[in-house]
Amino acid sequence: MTKPVLPAEVAASVIDPVAYGRWDPLHEQLAWARANAPLAVAENDGYDPFWLVTRHADIMAISRDPQRFASSLRPTAVTNRDAEALARTATPNNDGHLVRSMVQMDAPDHMKYRLLTQSWFMPKNLRIVEERIRQIARDAVERMLESGGEIDFAHDVAAYYPLRVIMDILGVPPQDEPRMLMLTQQLFGPTDPELNRSRETIRSAEQAIAMIQYVIADFENYFRELTADRRANPREDIATVIANAMVGGEQIPDRELAGYYMIIATAGHDTTSASTAGAIMELAKNPALFERFRDADSDKSGLIEEAIRWTTPVQHFMRSATEDVEIGGQTIIAGDWLMLNYVSANRDESVFNDPFVFDPDREKNKHIAFGFGAHMCLGQHLARMEMRIMMEELLPRLKSIELAGEPARVESAFVGGLKRLPIRFTAA
Ligand code: HEM
């Protein structure tokens, strides 16, 4: 059977960082794909063809089946052919994963690694750190109020608060945070000329790989010292859990150790920054919503869930088929590569009424911004808790809030969100 092929412009957009930076035209193309070609092949020069999966139901079905849709075989974020080949030459067993964390693992390794820290991220344990997180939020709010009536909320507040939280939980001291922030943004957003190390648009695979390797080497150096310290002086932080963890009766190998720190350090903040800034943007645009949620007694859970759906900070993940499978009426062949496009799934008209309306009162918000199945976000409860605490601390302290300029999004096809959100506010 012939495979349906996407129109060239749709195929080009779903891998184009600039398209994710512009956002609205991309949404139109994804809506077209959901209606006309929900499982179709994207062919782009320089890239291996992949299935673009745009419907919520198909992404759920694939995510439920990690045995047949693996994470370890190919890059988990879309990568061009040259970059993948270069990464393979630069990695053990030619596996191509410059960073090997639980995200890039399948059974049986995946669960062994995930379980090492899973209990840390469960709501019961998070209650222990709630007060510390609240203090970090209060400090961020104080700084914001002191800054006067205008601020770039994305850059000056949202970028730092989740970073401080995850670094505190991990055990990285505040003076090292700017380095961590820069490294994360370079790792996730090396395609955005405003964020990458050389401040230039990255064009070649060699450039991209060299930049990522440089960033990884920086992370590794930093965490090597942290590991040595936590083995000698254990504390109540995640670094101590990771540094002393045993898998199969042995300490974690260096590569997986570095991968573990990196996934916790990186997955935990740019994402939550994006959903937090997105919530504030919607409140700044809608005074009635702002009035409702600045009431200290208002329940913030609908606002938070909707902001996570609305922003979908992790825009896609890739999977590779391990055997032939029928899905969504198409036959996927062993070895095929698939893009789970969460941006699309979270605007799926068959799941969400008026998906392009920001509605904190959705009855059941079945968004899949945290993925689904075995790899479902380990930090989802932490992310929600951080957002709730920020809203609880910030909103009652404000009398008004409005946009004070054009917001701008990061140019990245992987983790994205607002990089600029100029707002004007008055304190309550
Ligand atoms: C996995 C999204 C916040 C840690 C994931 C996945 C998504 C996601 C979509 C699935 C990966 C896959 O299927 O391969 C988000 C979003 C966040 C967020 C949208 C904020 C709004 C956090 C936080 C942490 C975190 C605060 C804290 C450390 C992780 C880890 C994984 C993961 C460790 C890998 C889980 C695994 O492979 O088993 N996240 N995340 N995330 N996330 Fe998050």
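Ligands are counted one by one from 1 in listed order, and the atoms in each one are counted from 1 as well.
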Does NZ or CZ of Arg309 lie under 6.0 Å from the centre of the six-membered ring of Phe352, at an angle within 45° of the ring axis? yes
More than 12 non-hydrogen atoms from neighbouring residues, nucleotides or ligands closer than 6.0 Å to CD on Glu363, yes or no? no
Would you mind running through ligand 1 and noting each atom that sits below 4.0 Å from a heavy atom of Ala374? 38 (O)
Taking atom 9 (C) of ligand 1 as the reference point, the nearest protein heavy atom with its distance: Ala369 O, 3.2 Å
Look at the side chain of Arg88 and the backbone N and O of Asn94, then say whether any donor-acceptor pair between them is shorter than 3.5 Å. yes
Students often mix this up, so state it plainly: with edges at 30° and 60°, are the rings of His375 and His110 parallel, tilted or perpendicular? tilted
Does the residue Thr272 have a heavy-atom contact with ligand 1, meaning some pair of atoms that are separated by less than 4.0 Å? yes
Heavy-atom donor-acceptor pair, Gln135 side chain to Arg132 backbone, under 3.5 Å: no
Contacts of Ser350 that satisfy side-chain hydrogen bond (donor to acceptor under 3.5 Å, both in side chains) - sequence neighbours left out: Asp348
Looking at non-hydrogen atoms alone, which of Met387, Arg319, Met318 comes nearest to atom 13 (O) of ligand 1? Arg319
Considering only heavy atoms of Ile166, which atoms of ligand 1 have at least one such atom less than 4.0 Å away? 27 (C), 28 (C)
Salt bridge flag under 4.0 Å for residues Arg362 and Glu306: yes
Qualifying residue, where the test is side chain to side chain donor-acceptor pair (under 3.5 Å) with His367 and the options are Glu305, Arg347, His56: Glu305
Under 3.5 Å donor-acceptor pairs involving side-chain atoms of residues 118-127, not counting sequence neighbours:
unit_1	atom_1	unit_2	atom_2	d
Gln118	OE1	Arg114	NE	2.8
Asn125	ND2	Trp120	O	2.9

Check the surroundings of atom CZ in Arg22: do more than 12 heavy atoms from other residues, nucleotides or ligands lie under 6.0 Å from it? no
Near Tyr342 (heavy-atom distance under 4.0 Å), the atoms of ligand 1 are 9 (C), 13 (O)
Give the residue, atom name and distance (to 0.1 Å) of the protein heavy atom nearest atom 11 (C) of ligand 1. Phe317 CE1, 3.2 Å
Look at atom 28 (C) of ligand 1 and find which of Phe69, Phe121, Tyr113 reaches it with the closest heavy atom. Phe121
Using a plain distance cutoff, I'd like to know if Arg114 has any nitrogen or oxygen under 3.5 Å from a nitrogen or oxygen of ligand 1. yes
May I ask you to identify the nearest protein heavy atom to atom 34 (C) of ligand 1, giving residue, atom name and distance to one decimal place in Å? Val103 CG2, 3.5 Å
Side chain Arg81, main chain Tyr47, donor-acceptor under 3.5 Å: yes
If you draw a 6.0 Å radius around CG in Asn353, do more than 12 non-hydrogen atoms from other residues or ligands fall strictly inside? no
May I ask you to check whether Ser71 has an N/O atom sitting below 3.5 Å from an N/O atom of ligand 1? no
Does His155 have more than 12 heavy atoms from other residues, nucleotides or ligands lying within 6.0 Å of its NE2? no
Around atom 43 (Fe) of ligand 1, number of protein N/O/S atoms which are nearer than 2.8 Å: 1
Under a 4.0 Å heavy-atom limit, does Thr76 contact ligand 1 with its side chain, its backbone, both, or neither? neither
Which residue and non-hydrogen atom of the protein lie closest to atom 10 (C) of ligand 1, and at what distance in Å? His375 O, 3.4 Å
Where does His269 meet ligand 1, judged by heavy-atom distances below 4.0 Å: at the side chain, the backbone, both, or neither? neither
Check ligand 1 against Ser275 and write out every atom of the ligand that is under 4.0 Å from a heavy-atom position of the residue. 21 (C)
Report the residues that fulfil side-chain hydrogen bond (donor to acceptor under 3.5 Å, both in side chains) with Arg319, sequence neighbours left out, ordered by chain and then residue number. none
Quick one: look at Ser101 and ligand 1, take heavy-atom pairs under 4.0 Å, and tell me if it's side chain, backbone, both or neither. neither
